[in-house]
2 protein chains.
Amino acid sequence: MGNFLEIITHDNGQKQATEPCLEPCSIERGMRLLGGKWKGSILWHLKEHPVRFNDLARQIGGASKKMLSQRLQEMEEEGLVKREVVSDRPIAVTYEITEFGKSALGFLEELKNWVEKHQL
Amino acid sequence: MGNFLEIITHDNGQKQATEPCLEPCSIERGMRLLGGKWKGSILWHLKEHPVRFNDLARQIGGASKKMLSQRLQEMEEEGLVKREVVSDRPIAVTYEITEFGKSALGFLEELKNWVEKHQL
DNA sequence: TTAACTGGTTACCAAAAGTATACTGGTTGA
DNA sequence: TCAACCAGTATACTTTTGGTAACCAGTTAA
């Protein structure tokens with residue numbers, strides 16, 4: 001019976017974790033990067049080719065434009081996505097997935113498969 | 001130049017997505033199941049063996065008891081986790097990962113690796 | 001007796017997240 | 001000229017989330 005739980009008991013009976021996950025561990029941090037509402041979906045929609053803002057909004061019907069532009073800004077700062085002004089006059093902007101963003105696709109695909117396999 | 005974006009243009013100029021992701025697609029649904037704050041961490045801490053409530057609370061230092069009990073309830077309803085009353089009198093409860101919960105671990109591990117590989 | 005433990009619940013509050021609608025300022029096409 | 005487009009922003013509102021702290025009813029050990 002080892003000390004599986006990593007909990008020690010002091011002389012006064014007080015208990016303490018030896019390795020408390022004090023602040024967000026890897027999984028938590030990852031979820032906060034990719035787990036935000038719509039972020040996965042956005043990345044997924046960009047995986048083939050750059051997409052323009054309003055086209056993205058049309059494709060992700062459930063999300064408002066405000067949401068989308070917020071998320072896209074965050075994702076640009078996080079390096080997941082790249083914003084590119086293609087032309088002004090008739091202003092045109094595209095959002096493109098970065099190499100870093102692409103590195104997350106495998107994992108998103110696993111999530112997708114998992115969900116579909118279990119019919120969720 | 002194919003119709004990559006799945007957007008069609010009506011005669012009056014109005015545009016429409018042919019396959020709008022109207023409501024949460026697989027990735028979105030998956031994220032809502034596993035992406036909740038602390039849910040990944042909880043699952044991860046249960047992966048080796050059942051853990052008692054307060055021990056879990058000590059290990060996941062950043063989360064309050066309230067959060068934990070809320071999340072654990074949700075996760076029980078979702079079938080990710082199983083609650084078991086081990087004894088009353090000195091009431092003892094353990095939370096155990098289910099088979100379904102285990103099926104998500106691979107994907108969490110990939111997330112973990114991804115995060116650590118990129119030093120996030 | 002006191003203090004720590006068990007597994008929670010409840011009330012209260014603050015902050016964050018999300019929704020809905022309208023609007024900008026210009027362009028394009030019928 | 002009218003309507004739809006572009007890429008958002010502004011404003012106001014509601015909902016959800018999360019955190020703190022106290023409390024319950026019992027048990028155990030110093």
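The chains referred to below are lettered A, B, ... by the order of the sequence lines, with proteins before strands, and numbering in each begins at 1. Predicted model only: the values in this text are computed from it and were never measured.
The NZ atom of A/Lys82 sits 13.5 Å away from the CG atom of A/Leu46 when rounded to the nearest 0.5 Å. Distance check: A/Arg83 CZ to A/Gln73 CD gives 8.5 Å after rounding to the nearest 0.5 Å. One distance of note links CH2 of B/Trp38 with CD1 of A/Ile27; it measures 12.0 Å at 0.5 Å rounding.
As a whole-Å value, the separation of A/Arg83 CZ from D/dC6 P is 15 Å. Straight-line distance from the CD1 atom of A/Ile91 to the C1' atom of C/dG25: 11 Å, rounded to whole Å. The distance from atom NZ of A/Lys39 to atom P of C/dG18 is 10 Å, rounded to the nearest whole Å. A straight line from CG of B/Leu56 to P of C/dT6 spans 12 Å, rounded to a whole angstrom. Summarising the geometry, the separation between NZ on B/Lys15 and P on C/dT28 is reported as 13 Å, rounded to the nearest angstrom. Taking atom CE of residue B/Met31 and atom C1' of nucleotide C/dG18, one finds them 19 Å apart after rounding to whole Å. In this structure, A/Leu68 atom CG and D/dC6 atom P are separated by 13 Å, rounded to whole Å. Between the CD1 atom of B/Ile42 and the P atom of C/dG7 there is a distance of 15 Å, rounded to whole Å.
Judged by closest nucleotide on DNA chain D, B/Asn12 is the one of A/Ser69 and B/Asn12 placed further toward the 5' end.
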Tabulate protein N/O versus nucleotide N/O from nucleotides 19-23 of chain C, keeping only pairs under 3.5 Å, one per line.
| from | atom 1 | to | atom 2 | distance (Å) |
| --- | --- | --- | --- | --- |
| C/dT19 | O4 | A/Lys66 | NZ | 2.3 |

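The side chain of A/Asp55 has D/dC6 as its nearest neighbour among C/dT6, D/dC6, D/dG8. Comparing D/dG8, D/dT27, C/dG7 against the side chain of B/Phe53 picks out C/dG7 as the nearest.
Within the 4.0 Å cut-off from OP1 or OP2 of C/dG7, at least one side-chain nitrogen or oxygen of B/Arg52 is found. Proximity of A/Arg58 to the phosphate of D/dA7: no side-chain N or O atom is located under 4.0 Å from OP1 or OP2.
A salt bridge links B/Arg58 and B/Asp55; the closest N-O separation between the charged side-chain nitrogens and carboxylate oxygens is under 4.0 Å. The pair B/Lys102-B/Glu99 counts as a salt bridge, with a side-chain nitrogen and a carboxylate oxygen less than 4.0 angstrom apart.
The cationic atom of B/Lys47 (NZ for Lys, CZ for Arg) lies less than 6.0 Å from the six-membered ring centre of B/Trp44 and within 45° of the ring axis.
There is no side-chain donor-acceptor pair under 3.5 Å between A/Glu84 and A/Thr94.
Sorted by residue number, the members of residues 71-82 of chain B with any non-hydrogen atom under 4.0 Å from DNA chain C read B/Gln73.
Exactly one of B/Lys39, B/Arg32, B/Lys37 qualifies for a salt bridge (charged side-chain N to carboxylate O under 4.0 Å, His left out) with B/Glu74. That residue is B/Lys39.
Classification of the B/Tyr95-B/Phe53 ring pair by plane angle, with boundaries at 30° and 60°, yields tilted.
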